[in-house]
Number of protein chains: 2
Amino acid sequence: MLFSQRQEIILSLIDHQKVVTLEELVQETGSSESTIRRDLDRLEKAKKLKRIHGGASRIEDKAEEPSLAEKNLRNVEEKQRIGQYAASLVQEHECIYLDAGTTAMQMIPHLNLENLIVVTNGIQLVEPLVEKGIPTYLVGGLIKPKTGAMIGSGAIKSLENYRFDKCFIGINGIHEDWGYTTPDPEESILKQKVLELSQEKYVLADPSKFGKSSFSKVALLEEAFIITVKSKNVQLASFEKKTLVKAVEK
Amino acid sequence: MLFSQRQEIILSLIDHQKVVTLEELVQETGSSESTIRRDLDRLEKAKKLKRIHGGASRIEDKAEEPSLAEKNLRNVEEKQRIGQYAASLVQEHECIYLDAGTTAMQMIPHLNLENLIVVTNGIQLVEPLVEKGIPTYLVGGLIKPKTGAMIGSGAIKSLENYRFDKCFIGINGIHEDWGYTTPDPEESILKQKVLELSQEKYVLADPSKFGKSSFSKVALLEEAFIITVKSKNVQLASFEKKTLVKAVEK
DNA sequence: AATTATTGATTGAAAATGATTGTTTTTGAA
DNA sequence: TTCAAAAACAATCATTTTCAATCAATAATT
């Protein structure tokens, strides 16, 4: 059996059950213990999993899971800058959509406007919004346990009651050819619907998202504007040909 | 069994019930006492829990303030009893509605069923539900800042996608003549809709609600069953003439 | 054919486990 | 309160499991 086949088995098992024993993997692949160990070594170096005594476990890219609460504290500063700029685009009397996730959440502290209405699908955004005194609508639907985002057909249906002046959505990958992508198809559909319902469309993404592409396609580059921060590691020229890109200073 | 698997069991138990005995953990994991002790040592060093004589307890990080809903700590014990009994009425494969508010929330710890689906309009209920692994749908709509409940026409519309085997709603006043009442007309309409969509209808109310009536009428007494606790201050006879009343022991 | 990469088996070392020990803490009856 | 029995504890040991390192055999590449 080829390494890539085994890798697939290993990662899929880990993905489904969080931890997997060496023995299970030997069973499942028919390979020897030594081989599996070597595979695990490689996959650990590639940061695809974490080796533990007796097997391997899923990589928890965040230090700890504070239940549903705020996590993903990576690139906070960048996200704050993006959020600040994005918030400056919003004007009084507008109705805007904020996507679930940390990036759009960073806009909230800077939303100092009267007569603003916010719609979101992220439970985490509700509390800061309400505390700011902003009238907030939450999209209904099934709750995605990991992220506290609303998804599913109920959420889509729920969305159709609204129209937005502007929407601000987060994204996992921005690729020159493949456009905006995200890992969860359910979320992808929702984002598409939001874009459809909005006059002005903004995608918020820190530089780490550029050049990457994820499983599920949301939209083409030209279908939304991009807000990001300047970074020497990312060449924006090719993206700027297709859409408006605002890169704020660090 | 691998350490990480045990860790998960241990932490989840502690998370749910605050303290856990060594014996319980031995039972639950099938590992020996020695092993569990060592696990607890490790987890204590990692600040994931606090060891106590006989087991371990949750680490009380800091004052968890619910800011959005200053939790109504009145009559907690009574509400717990009511919640416990109400939860015992729920069966597998059912789809139930839980009203926003502390009383219905008290049902959650006792909802130990497989294949249960919960719909709620209370944001506060989401986290405990999700942590229990219960598939949860949140009604969409406008958020009522004080209570974190979803209200308004959007919520009503959002509700119409569902049908419930049972619903459990909280109420502010139960009056012999005026029936069930609540102060907020918006909430009242929502509760009416929920009752309409449910097969079996339960109103949860501690004894302080009896004989009172509030601004907005939800339904007549006979339109729902009542779950409360026994109290010498309340004469239930007149209510029992009109509907089924279950008064659990204190 | 020679070289390189991958594999499975073997080895002693390291880690984890369960049982046992004697000690400390808790409990409850005097 | 005091004291003895019971329960829970940390420390230690022998056993089992898992580990990394090494080696020879096989497959792929040059």
Side-chain angles (χ1 to χ4, degrees), chain A residues 1-67, chain B residues 1-62 76-77 80-81 84 109 112 131 133 249-250:
Chain A
M1 182 180 281
L2 270 48
F3 170 72
S4 68
Q5 293 176 277
R6 289 197 307 273
Q7 158 167 317
E8 196 154 329
I9 294 177
I10 294 171
L11 292 180
S12 124
L13 274 175
I14 284 187
D15 208 41
H16 280 93
Q17 58 193 57
K18 194 163 183 178
V19 291
V20 65
T21 65
L22 203 90
E23 200 190 336
E24 277 181 284
L25 293 172
V26 170
Q27 284 282 344
E28 210 60 35
T29 61
S31 305
S32 76
E33 209 175 286
S34 302
T35 301
I36 300 296
R37 280 186 206 291
R38 278 186 281 255
D39 288 351
L40 294 184
D41 277 344
R42 283 176 66 175
L43 291 171
E44 179 170 44
K45 284 203 184 79
K47 304 203 169 145
K48 298 279 180 62
L49 52 76
K50 197 175 78 190
R51 291 201 61 179
I52 57 176
H53 198 93
S57 87
R58 205 186 301 165
I59 206 151
E60 306 285 357
D61 45 340
K62 63 254 160 150
E64 194 39 46
E65 175 139 21
S67 58
Chain B
M1 181 179 280
L2 272 46
F3 169 72
S4 74
Q5 297 176 290
R6 289 196 307 273
Q7 157 169 316
E8 193 145 335
I9 294 176
I10 295 171
L11 292 181
S12 124
L13 274 175
I14 283 188
D15 210 39
H16 282 101
Q17 58 194 56
K18 191 164 181 177
V19 291
V20 65
T21 66
L22 202 91
E23 199 190 335
E24 275 180 285
L25 292 172
V26 170
Q27 283 284 345
E28 209 62 34
T29 61
S31 305
S32 76
E33 213 170 288
S34 302
T35 300
I36 300 296
R37 281 185 207 291
R38 277 186 281 254
D39 286 352
L40 294 184
D41 278 344
R42 282 175 69 174
L43 291 172
E44 179 170 45
K45 285 204 185 81
K47 303 201 172 151
K48 300 278 180 64
L49 52 76
K50 200 173 74 190
R51 290 201 63 179
I52 56 176
H53 199 90
S57 88
R58 201 186 305 165
I59 205 150
E60 298 297 348
D61 210 353
K62 57 192 174 199
V76 218
E77 283 181 32
Q80 280 173 354
R81 299 310 310 265
Q84 184 171 18
N112 301 309
E131 290 215 336
E249 297 290 336
K250 235 178 200 168

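The figures here come from the full heavy-atom set of this structure, side chains too, leaving out hydrogens, waters and symmetry mates. It should be emphasised that the depicted structure is a prediction, and the values quoted were computed from it without experimental measurement. Below, chains carry the letters A, B, ... as their sequence lines are ordered, and counting in each starts from 1.
- Of all the heavy atoms in A/S57 and A/I14, the pair that sits closest is C-CG2, 4.0 Å.
- Ranking D/dC9, C/dA16, C/dG8 by closeness to the A/T35 side chain, first place goes to C/dG8.
- One interatomic measurement links the two molecules: CZ of B/R51 to C1' of C/dT25, which rounds to 13 Å at whole-angstrom precision.
- Between the CG atom of A/L40 and the C1' atom of D/dA20 there is a distance of 13 Å, rounded to whole Å.
- In the set D/dC9, D/dC19, D/dT12, the nucleotide with an atom closest to the side chain of B/R38 is D/dT12.
- Put simply, the side chain of B/E8 does not reach to within 4.5 Å of the side chain of B/S4, judged on heavy atoms.
- Side-chain contact between A/R6 and A/T35 is present, with at least one heavy-atom pair separated by less than 4.5 Å.
- Here B/I52 lies in heavy-atom contact (under 4.0 Å) with sugar-phosphate atoms only.
- C/dA16 atom C1' lies 14 Å from atom CD of B/Q5, rounded to whole Å.
- Between A/I36 atom CD1 and C/dT6 atom P there is a gap of 15 Å when expressed in whole angstrom units.
- In this entry the distance linking CD of A/E23 with P of D/dC19 reads 11 Å, nearest Å.
- Taking atom CZ of A/F3 as the reference point, atom C1' of C/dG8 lies 17 Å away to the nearest angstrom.
- Close to D/dT12, at under 4.0 Å from its OP1 or OP2, lies no side-chain N or O of B/R37.
- We find that CZ of B/R6 is positioned 15 Å from P of D/dT17, with the value rounded to whole Å.
- The listed nucleotides are C/dA15, C/dG18, C/dT25; the one nearest the side chain of B/H53 is C/dT25.
- For B/L2 against A/H53, the heavy-atom pair with the smallest separation is CG-O, 3.8 Å.
- Between B/L40 and B/L25 the shortest side-chain heavy-atom distance falls below 4.5 Å.
- A straight line from CD of A/E33 to C1' of D/dT18 spans 7 Å, rounded to a whole angstrom.
- Taking every side-chain heavy atom of A/S34 into account, C/dT10 is the closest of C/dT10, C/dG18, C/dT17.
- Using a 4.0 Å heavy-atom criterion, one finds that B/G30 contacts no nucleic acid atom at all.
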